[in-house]
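In what follows, every heavy atom counts, from backbone to side chain, and hydrogens, waters and symmetry copies are set aside. The structure displayed is predicted, hence computed values, not measured ones. Order of the sequence lines sets the chain letters (A, B, ...), proteins ahead of strands, with each chain counted from 1.
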Amino acid sequence: MRMSSLLSQTLREAPSDAEILSHQLLVRAGYIRQLAAGIFTSMPLAKRSLTKIENIMRDEMNKIGGQEMSMPVVHPAEIWKATGRWEKVGPEMGRFLDRNGRDMVLAMTHEEAVVAIIKDEIQSYRQLPMLIYHIQTKWRDDPRPRAGLIRVREFTMKDSYSLDRDWEGLDLQYARHYQAYFNIFGRCKLPVIAVKSDVGMMGGNVAHEYMYLSPMGEDTLLLCDACGYSANRQIAEFQKVKSPQEEPAEREKIATPEMKTIADLAEYMGIPESKTAKAVFVMAAMQTAEGEEEKLVFAIVRGDMDLNETKLTNALGAKSLRPAEEKEIAASGAVPGYASPVGLKDIIVVVDDLIPESPNLVAGANQEGYHFKNVNYGRDFEADIITDIAAARDGDACPDCGGAMRAVRGVEVGNIFKLGTWYSEAVGATFQDADGEEKPVVMGSYGIGSGRLLASIAEEYNDKYGLIMPITVAPYEVHLVELGGSKDERGEVKQAAEKLYQDLTAAGVEVLYDDRDESPGVKFNDADLIGVPLRLTVGSRALKEGGIEAKLRHESEKIQIPVGEVVARTREIIKSLYDDILDKLEDVEFEG
RNA sequence: CGGGGUGUGGCGCAGUUGGAAGCGCGCCGCGUUUGGGACGCGGAGGUCGACGGUUCAAGUCCGUCCACCCCGACCA
């Protein structure tokens, strides 16, 4: 490709609304342009990188038996009503009416489309197991797109769906994906870890997320360096430090004016925060037989801990939670800031499993300005649910080995879910098994966003001059710079560069050829910004000695290669760059 | 949805007490230059986010709305 005709201008300064590095660099280098919040155009450079990423995904999916197809982006609402997600999903789903006034949906994922097709196409156990996938656009009207390509509203995703006769089959396909995903990220040279994750609205019972560890990530993970335990904070467990056992003392009411926070209260009383009970009120959307209903929930964790809303949501079996408003809290008889589990009605009380083992706590008295001392579970109050609802934090003890866990931030670049039969049952996607019985197809779903992956790679590989793209995903393999200029009166430099461009291209090398009439500084800076791994420079300096200059983007040394050997040597260098990446791929141990 | 911020040429920005819309980069033409974002001369390009109001006069003051960014809420 000649840069003189490439639709991609580099920018000396990034747009002011690009805050994170990958966003700034991808815009400055001319890979992407923003059209609206969370909606981007992939320019030719990005498109080439994305195609390479997607071809890696194809290859790894095909290797585990996947067959590529393409399911529609626009769906009739019926298939979403059939699984209940038409009602269940909120404004994040794109909806519109077609010309005949029928409800239509912009796909945010494709489980519905999958079961719609297999309902008709899969009839016999002989057709299973099967793995289907596609690489398709999704629309999710996220309330807050951010961080360039990391979190967008319109994006492309490789999503695959495993179809099996039974759970053993699912386990096998799931384990294959577990490995295939490490291969995909490895081939893109992106370091990731797999962590256990919440199954969320997808249902099912096992899920992993692939995380690229980065301070700009949106998820918090807890990792144990001692034994390898890793989990998203949403579900991370930990060993709780129990309070010292003591005899329940007599409950007493004490005046605590203006002490509305745990920190204030503990300081005022001269006690550790672990001797207090923290009250959190939420409104939980619950699905009941009559439909959806909002219920006030009173969650209690020990004062030195934080509530984990995902754990609470799962404990309640709720669709979603939102913070309760003061008037909703007041309606239950509780007093915000002085709330107490003692003597409340019409409210679901959920207490963390540490609370019953924590005697003589200080809790609110449901009276402005007063707390109770020596509140004890069982004697003074009871709960509807007792379970783990506390959030793990940096330094907490690993649930498996007790070692101190680290809390780190990560970007979710992929995930795998054991869906089970939830979707197939919902729409009656069944097959006839060998024993003659009709059974629902057992499903798994597996996703990787290609744009987010590109952004993560850009975030990981760069320096002050620009991007440093791994060769497997770089838009081109070679950046050929021609430095003829007006001193090149007989056009020798220009001719040598043109010939090299032709020869390399003929040899199957992907070349970005800077044939523009620009100064050397401009060309070198643009080359560094775009980040193609190997730069070849044709200039009079080396040409006088019968050579051209080669430089790897990630190194500072330059070498001179005799003109006649350039094509062969270039192919060698490129091969070694690929090998460096592919040799590092390794088999991982699957821990279900 | 709550809090904060920003909207002036493709990008980055300035614009005073309200009084003729500017600068740098980029772009076009001509010439000089050519191994790390060169220089000269000459150009093109803006309904100042939108609408309404105040005023003789609004980029500037007032109001409403919109867009975009950040923090939070939310999120397979």
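Atom pair A:Asp219:CG and B:G72:P shows a separation of 13 Å (rounding to whole Å applied). Straight-line distance from the CD atom of A:Glu92 to the P atom of B:C1: 15 Å, rounded to whole Å. Rounding to whole angstrom units, CG of residue A:Leu483 and P of B:G36 are separated by 9 Å. Rounded to a whole Å, the CD atom of A:Glu518 is 17 Å from the P atom of B:U33. Between the P atom of B:C75 and the CZ atom of A:Phe155 lies a distance of 15 Å, rounded to the nearest Å. If you take CZ of A:Arg553 and C1' of B:G36, they are 12 Å apart, rounded to a whole angstrom. The separation between A:Arg151 atom CZ and B:C70 atom P is 11 Å, rounded to whole Å. Atom P of nucleotide B:U34 and atom NZ of A:Lys544 are separated by 13 Å, given to the nearest angstrom.
Each of A:Glu309 and A:Val538 was assigned the nucleotide of RNA chain B with the nearest heavy atom; the assignment lying further toward the 5' end belongs to A:Val538.
Heavy atoms of A:Arg535 sit under 4.0 angstrom from at least one base atom. Residue-level contact check: A:Glu482 touches neither bases nor backbone, having no heavy atom under 4.0 Å from any strand. A:Pro143 comes within contact range of at least one nucleobase, with a heavy-atom separation under 4.0 Å. A:Met93 comes within 4.0 angstrom of no nucleic acid atom, judged by non-hydrogen atoms across all strands.
Using a 4.0 Å cut-off between charged nitrogen and carboxylate oxygen, A:Arg153 and A:Asp142 do not count as a salt-bridge pair. Using a 4.0 Å cut-off between a side-chain N of Lys or Arg and a carboxylate O of Asp or Glu, A:Glu549 and A:Arg535 qualify as a salt bridge. A salt bridge links A:Arg146 to A:Glu218: one of the charged nitrogens lies within less than 4.0 Å of a carboxylate oxygen.
For the pairing with A:Ile135, the side chain to side chain contact (heavy atoms under 4.5 Å, CB included) check across A:Met157, A:Arg58, A:Met61 returns one residue only, A:Arg58. The side chain to side chain contact (heavy atoms under 4.5 Å, CB included) test with A:Tyr513 is passed by exactly one of A:Glu482, A:His479, A:Met1: A:Glu482.
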Contact pattern, 5' to 3', of nucleotides 37-42 of chain B - B, S or - by protein heavy atom under 4.0 Å: BS----
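A distance of about 32 Å separates the C1' atoms of B:C69 and B:U54, rounded to the whole Å. The P atoms of B:G52 and B:U60 are separated by 14 Å, rounded to the nearest whole Å. Rounded to a whole angstrom, the distance from the P atom of B:U6 to that of B:C62 is 14 Å. If you take atom P in B:C65 and the same atom in B:C11, they sit 27 Å apart, rounded to whole Å. The C1' atoms of B:A44 and B:C30 are separated by 15 Å, rounded to the nearest whole Å. Atom P of B:G18 sits at a distance of 33 Å from the matching atom of B:G2, rounded to the whole Å. Spacing between B:G42 and B:C48 at atom P, rounded to whole Å, works out to 29 Å. Distance noted for atom P between B:G63 and B:G26: 41 Å (whole Å).
Taking the ring centre of A:Tyr174 as origin, the terminal cationic atom of A:Lys418 falls inside the region bounded by 6.0 Å and 45° from the ring axis. Relative to the six-membered ring of A:Trp80, A:Arg95 misses at least one condition, a distance below 6.0 Å or an angle of at most 45° to the axis.
The aromatic rings of A:Tyr178 and A:His208 sit perpendicular to each other, their planes meeting at more than 60°, with 30° as the lower class boundary. Ring pair A:Phe185/A:Tyr210 is tilted by interplanar angle, where 30° to 60° counts as tilted.
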Close N or O pairs between protein and nucleotides 66-69 of chain B (under 3.5 Å):
residue, atom, partner, partner atom, Å
B:C68, OP1, A:Ala37, N, 3.0
B:C68, O2', A:Asp17, OD2, 3.2
B:C69, OP1, A:Gln34, NE2, 3.1

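Every residue two or more places apart in sequence or in another chain that forms a side-chain contact (heavy atoms from CB on, under 4.5 Å) with A:Lys311 is listed here: A:Phe238, A:Asn308, A:Asp388. The side-chain hydrogen bond (donor to acceptor under 3.5 Å, both in side chains) search around A:Thr421 returns A:Glu425, not counting sequence neighbours. Looking at residues two or more places apart in sequence or on another chain, you find a side-chain hydrogen bond (donor to acceptor under 3.5 Å, both in side chains) between A:Asn183 and A:Glu60, A:Gln179.
Contact annotation: A:Lys487 reaches the phosphate of B:G35 (side-chain N/O to OP1 or OP2, under 4.0 Å).
If you check distances only, the side chain of A:Gln9 never reaches the base of B:G26 with a donor-acceptor pair under 3.5 Å.
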ring-ring contact (aromatic ring centres under 6.0 Å, His included) assessment of A:Tyr133 paired with A:Tyr446: CA-CA 9 Å; A:Tyr133 73 94; A:Tyr446 317 83; over 10 Å; no
Dot-bracket summary - RNA chain B, pairs being Watson-Crick or G-U whose distances fall under 3.5 Å, with | when paired to another strand: (((((((..((((.....[..)))).((((((.....)))))).....(((((..]....))))))))))))....
